Amino acid sequence: MSQRHSRSSWKAALLDPALGWLLAFFLAPIAVMLVISFARRGTYGGIEWVFGVGNYVRALAPDYLTIYVRTVLMAAATTLICLVMAYPAAYYIALKADPKWRSFYLLLAVVPFWTSFLIRTYAWILLLRTEGLINTMLVGMGLVSEPLKLLYCDSAVLMGLVYGELPFMILPLYSALSRLDTGLLEAAEDLGASPAQAFWTVTVPLTLPGIIVGTVFVFIPSLGAFVTPDLLGGSKSIMIGNRVQDLFASVRDQPFGAAISFLLTLIVLTMLVGAMRVKGRTDSLHGSTI
Amino acid sequence: MRHKILAFILVCLVVARRLDFASPGLAATIAWIVVGAFACVVGALVLARILVRVPRWVGVCLCALVLILGAKSVPHRQESKLNLYIWSAYLAPDTLPEFEKRHGVKVSFDTYDSNEAILAKLQAGNVDYDLVVPSDYMVEILIRENLLAELDKGALKNLKNIDPAFLDKPYDPGNRYSVPYFWGTTGFGYRKDKVPGVIDSWKVLWDPKYRDRITMLDDMRENFSAALHSLGYSSNTTSTAEIQQAKELLMKQKPLLKSYNSGNFHEMLLSGDAWLVQGFNGQVAKAMKENPNIGYCLPKEGCTISFDNLCIPRNAPHRELALLFMDYVMEAEVAAKLVNACYYSTPNRECVPQVSAHIRENSAIFPARENLAHTELIHDVGRAVEAYDAAWTEIKSR
């Protein structure tokens, strides 16, 4: 008993540096933000310690609802596209690829991280713009008469988000698929299931935890994205991240910015708890963990 | 075991120092370093106390050591070194070396890309900048926030070189805290080969013919400045009705826009992606040098004029040196070199003969005085900023 106890506290101590870090740089700032969000903007951009819920009322104005809806839709679309694109890739790497090449394929998925996201986004601008590489080529080959509108629209933002988040979907899916017991698939086949049936009734449910983790990994950063809508969307149809950045950096309305950030944090937390619940249930069903 | 813990602490400190290099001079980094290292060490100690029985006093000593080292690891700048905090691309190649040689001192500089960055750093305190270069409205705010030191005019012999038309502005009456460094206007650049006719008005930026070839700055006040001026109002209005009218105008313009762009609008003009771009004269002038088909328009309805000013923060460690530098860049020869390198408009009238002819004749950099009649400074509008912000949100949310 005491042996067991000391071992588990030994393990818990491993968490300490990370916990200390999170406490100092995650929870404390959120607490500060919460307090500020009830204050109001001083005349010249400071914080006036007059408390009220005015910021939260403002945050529910119709314009903001439009922005929230767009942000959530954008993040949801990003997640869905990532899932549809990443699942086959992860499936191939985990189950079909030559094991010799497996780590090479995984490496390919992470290679983009070696370059700054900002620089990669600027590279997309060079490719997509009206006088850019793709349009020049298309016009030059006579495929289109007018340059296409590839940049500064919602689809450009979506493309950029999917591009940025895709690896975060591939990796958890790979992890789930690589631990899939292929014997179960053979059993399904022996019992007369078609490959499609086996996929939907065996593979997908067993990799559900991976799907949930990937969804969380992709959905949450997309929700807070601001570089992509700014650079690839031309800042025309903004997401909530742009608004927060604007409020802090140029309007200097910190209390209102804090209120919106806090609302966003709240939404994310609710979703996380929900996702963890679902994952917990499937974990106990299938006895697998990620 | 203990040497492992020490090694761990060492790693923490190295990481902390790297963090500091990533954003030098920021007071917050000091907190980052100390608290971060502290959190790591406390964690490591708890771990160590469980693994081997380390006496408590060792832990206390280690914590104290880390706090002291952490505080010390923040690089202290040497004496007789001038620390400049300035916009990027605002110095000529030999501006600093020449000053260093003349006074036998070192000059180091950091750059920023928004006035708000200066405010944030000076408000945070604990930064040792000797000279900052805020724009007009930010000078106003910094004075009000009591963050600037009053200038000793006796030390500024070359102040006489500055055109009086650019002195004694409302943001700093009597120039008690600031002297102008560069000034500029926010009109629009255009492609003469794509946009024919006489271009002298904001109206062309609302012309449906140029749909998808127009960009506006991604800046609330500059957008409203263009709209309010086209309506014949002041860009600093606090009237809700006038702000609403400007909002309607900007809403009407939005479907025609390619993008809101504050960064590389001049490049879009060069590549031909955009033909009409609201922008700052200096950047458009640089594009004009590369392509003679690019023009710059100071709209007849009026537009924004802005001044970037040399100021000394209240807690600057080397005030005398900062004054020397201020006086140095106001020398005619130095000021001329700055214009030749940076392509911005100078308030220094004595330097004009030494400026290269092609810059002197560029109407974007040296506009005729009468064209400046309708220009207006942007002021902090106080509470009215909320009306602007609500309108801007509405525009951007569509």
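We name chains A, B, ... by the order of the sequence lines, and we start the count at 1 in each one. Since the model is a prediction, treat every value here as computed from it, not as a measurement.
To the nearest 0.5 Å, atoms CH2 (B/Trp392) and CD1 (A/Ile238) are separated by 9.0 Å. Interatomic distance, A/Tyr152 OH to B/Thr215 OG1, rounded to the nearest 0.5 Å: 8.5 Å.
With respect to the salt-bridge test (charged N to carboxylate O, under 4.0 angstrom), the residues A/Arg41 and B/Glu386 do not qualify. Between A/Arg243 and B/Glu394, no side-chain nitrogen of the basic residue sits less than 4.0 Å from a carboxylate oxygen of the acidic one, so the salt-bridge criterion is not met.
Within 6.0 Å of atom NZ in A/Lys149, more than 12 heavy atoms from other residues, nucleotides or ligands are found, so the atom counts as buried in its surroundings. A/Phe248 CZ: more than 12 foreign heavy atoms inside a 6.0 Å radius. Atom CZ of A/Phe113 is surrounded by more than 12 heavy atoms from other residues, nucleotides or ligands within 6.0 Å.
Contacts of A/Ile125 with chain B are absent, with no heavy-atom separation under 4.5 Å from either backbone or side chain. Both the backbone and the side chain of A/Ser237 come within contact range of chain B, each with at least one heavy atom under 4.5 Å from a heavy atom of that chain. Interface remark: B/Ser114 contributes no atoms to any contact with chain A (heavy atom separation under 4.5 Å). For chain A, the nearby part of B/Arg213 is the side chain; its heavy atoms alone come within less than 4.5 Å. Only the side chain of A/Asp246 comes within contact range of chain B, with at least one heavy atom under 4.5 Å from a heavy atom of that chain. The contact between A/Tyr64 and chain B is made entirely by side chain atoms (from C-beta outward), counting heavy-atom distances below 4.5 Å. Heavy atoms closer than 4.5 Å to chain A are found nowhere in B/Ala384, neither backbone nor side chain. At a 4.5 Å heavy-atom cutoff, B/Met216 makes no contact with chain A through either its backbone or its side chain.
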*Which is it for B/Lys396 and A/Ser235 under the side chain to side chain donor-acceptor pair (under 3.5 Å) test, yes or no, and what are the steps along the way?*
CA-CA 8 Å; B/Lys396 285 291 210 89; A/Ser235 197; 2.7 Å; yes
*Could you walk me through whether A/Arg252 and B/Asp389 pass the salt bridge (charged side-chain N to carboxylate O under 4.0 Å, His left out) check?*
CA-CA 10 Å; A/Arg252 278 179 292 121; B/Asp389 183 49; over 6 Å; no
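Judged by distance alone, the side chain of A/Lys236 and the main-chain N or O of B/Leu257 form a donor-acceptor pair under 3.5 Å. Between the side chain of A/Arg70 and the backbone N or O of B/Ser397 there is at least one donor-acceptor pair closer than 3.5 Å.
In terms of heavy-atom pairs under 4.5 angstrom with chain A, the leader among B/Asp212, B/Thr393, B/Asp218 is B/Thr393. Contact tally against chain B (heavy-atom pairs below 4.5 Å) for A/Arg58, A/Met239, A/Arg40: the top residue is A/Arg40.
B/Arg398 is listed as a side-chain neighbour of A/Asp63, based on a closest heavy-atom distance under 4.5 Å.
Nearest heavy atoms, B/Ser259 versus A/Gly234: CB-CA, 3.4 Å.
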